[in-house]
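Here the structure is laid out as structure tokens; the discussion comes afterwards.
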Amino acid sequence: MRAAVISDIHANLHALTAVLADVERERPDAVWCLGDLVGYGPRPNECCRTVRARADLSLVGNHDLVVLGSVDVAEFNPEAGRAAAWTQEVLDDDSRRFLAGLQPHAVADGVELYHGSPRNAVWEYVLDAEAIQAAFSSSEAPVVLIGHSHIPIVARLADGDLNAAHAPEGTEGELEGGRMLLNPGSVGQPRDGDPRAAWLLLDLDEGRASFRRVEYEVERTQEEIREAGLPEALAERLAFGI
Ligand code: ZN
């Protein structure tokens with residue numbers, strides 16, 4: 001069983017298309033999406049349609065829930081709030097229905113999947129050792145997948161020892177009798193200083209996780225952000241991966 005794991009697409013269709021082309025070359029058995037299909041970016045409906053067509057399973061994220069009106073937009077900074085309001089206006093009925101039918105956590109093939117964390121599936125950022133330890137304690141599966149922070153992370157717990165690190169391109173995680181917590185990073189708005197779109201290939205038979213990055217035409221998404229009248233900072237940050 002090999003799964004391609006994608007997360008935090010944020011309505012960046014060019015990044016999503018490039019990632020899925022890379023995914024197809026690996027011929028995975030399943031594609032799993034950890035949520036935040038929309039918000040920040042200019043192509044929400046196309047991204048919802050694409051994930052719906054290709055992913056075997058998708059979670060809903062905090063941005064999706066804000067756009068649906070299930071969560072208060074006051075939780076957001078002004079730029080995220082403006083983008084959420086714009087997305088609410090342009091989101092079509094099909095996309096809305098699709099997002100409204102998703103959950104922020106799921107279990108698939110013995111793997112636990114969360115948008116945020118096992119403690120708080122919608123909102124918690126798992127970035128430090130305390131949060132990573134709590135994520136292991138609050139879950140049971142040998143492999144736990146999280147998104148939300150836009151930072152690719154590999155953490156391994158074996159014999160009580162926790163090892164966690166940022167996972168740049170080429171990082172390989174090995175299960176080897178322990179447990180793994182993995183964040184694939186973000187497809188549409190990476191924040192680890194590498195502007196390339198991120199995804200994760202998870203091989204459950206081999207107990208191995210491979211962190212991947214894919215170039216895409218950042219300028220095209222930036223142009224679309226400007227044409228939509230979304231905040232300029234949302235275009236600029238894509239060039240730097242911040
Ligand atoms: Zn996100």
Side-chain angles (χ1 to χ4, degrees), residues 5-16 19 32-48 50-51 55 57-68 70-88 91 95 98-99 102-106 113-127 131 135 144-153 166-167 181-200 211 213-214 216 218 221 225 230-231 233-238 240-242:
V5 187
I6 60 175
S7 190
D8 295 277
I9 292 148
H10 288 292
N12 185 339
L13 182 63
H14 303 297
L16 178 60
V19 162
W32 296 338
C33 173
L34 304 181
D36 274 2
L37 285 67
V38 306
Y40 294 130
R43 306 288 293 277
N45 292 313
E46 293 88 343
C47 287
C48 285
T50 303
V51 169
L57 186 161
S58 181
L59 305 181
V60 71
N62 56 310
H63 282 258
D64 306 316
L65 290 168
V66 165
V67 166
L68 289 172
S70 321
V71 170
D72 190 356
V73 74
E75 306 266 1
F76 275 177
N77 67 48
E79 277 156 12
R82 273 177 63 196
W86 178 87
T87 306
Q88 276 177 337
L91 200 70
S95 302
F98 174 58
L99 293 176
L102 305 178
Q103 297 296 318
H105 56 86
L113 301 83
Y114 302 90
H115 178 68
S117 79
R119 280 200 296 202
N120 184 329
V122 175
W123 286 104
E124 186 183 12
Y125 292 95
V126 178
L127 287 167
V144 178
L145 299 173
I146 56 168
H148 188 46
S149 73
H150 300 205
I151 307 281
I153 280 179
H166 169 232
L181 177 83
L182 305 162
N183 185 325
S186 169
V187 170
Q189 195 195 76
R191 291 181 193 161
D192 64 341
D194 182 346
R196 295 175 297 170
W199 69 281
L200 177 75
F211 288 82
R213 297 307 271 260
V214 187
Y216 74 97
V218 173
T221 298
I225 286 174
L230 288 161
L234 297 179
E236 280 171 12
R237 65 188 299 175
L238 295 180
F240 303 101
I242 55 172

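We count ligands from 1, going down the list as the structure has it; atoms in each ligand are counted the same way.
Between the side chain of D36 and the main chain of N62, a donor-acceptor pair closer than 3.5 Å is present.
Protein N/O/S atoms closer than 2.8 Å to the Zn ion (ligand 1), listed by chain and residue number, are D8 OD1, H10 NE2, D36 OD2, H150 NE2.
Annotation: side-chain hydrogen bond (donor to acceptor under 3.5 Å, both in side chains) contacts of E46 (sequence neighbours excluded): R43. Every residue two or more places apart in sequence or in another chain was checked for a side-chain hydrogen bond (donor to acceptor under 3.5 Å, both in side chains) with T50, and none qualifies. Applying the side-chain hydrogen bond (donor to acceptor under 3.5 Å, both in side chains) test to W199 and every residue at least two apart in sequence or in another chain returns D22.
Under 4.0 Å is where a charged nitrogen must lie from a carboxylate oxygen, and between D8 and R191 no such pair does.
Between H150 and Y40, the ring planes lie perpendicular to each other; the angle is over 60°, past the 30° to 60° tilted range.
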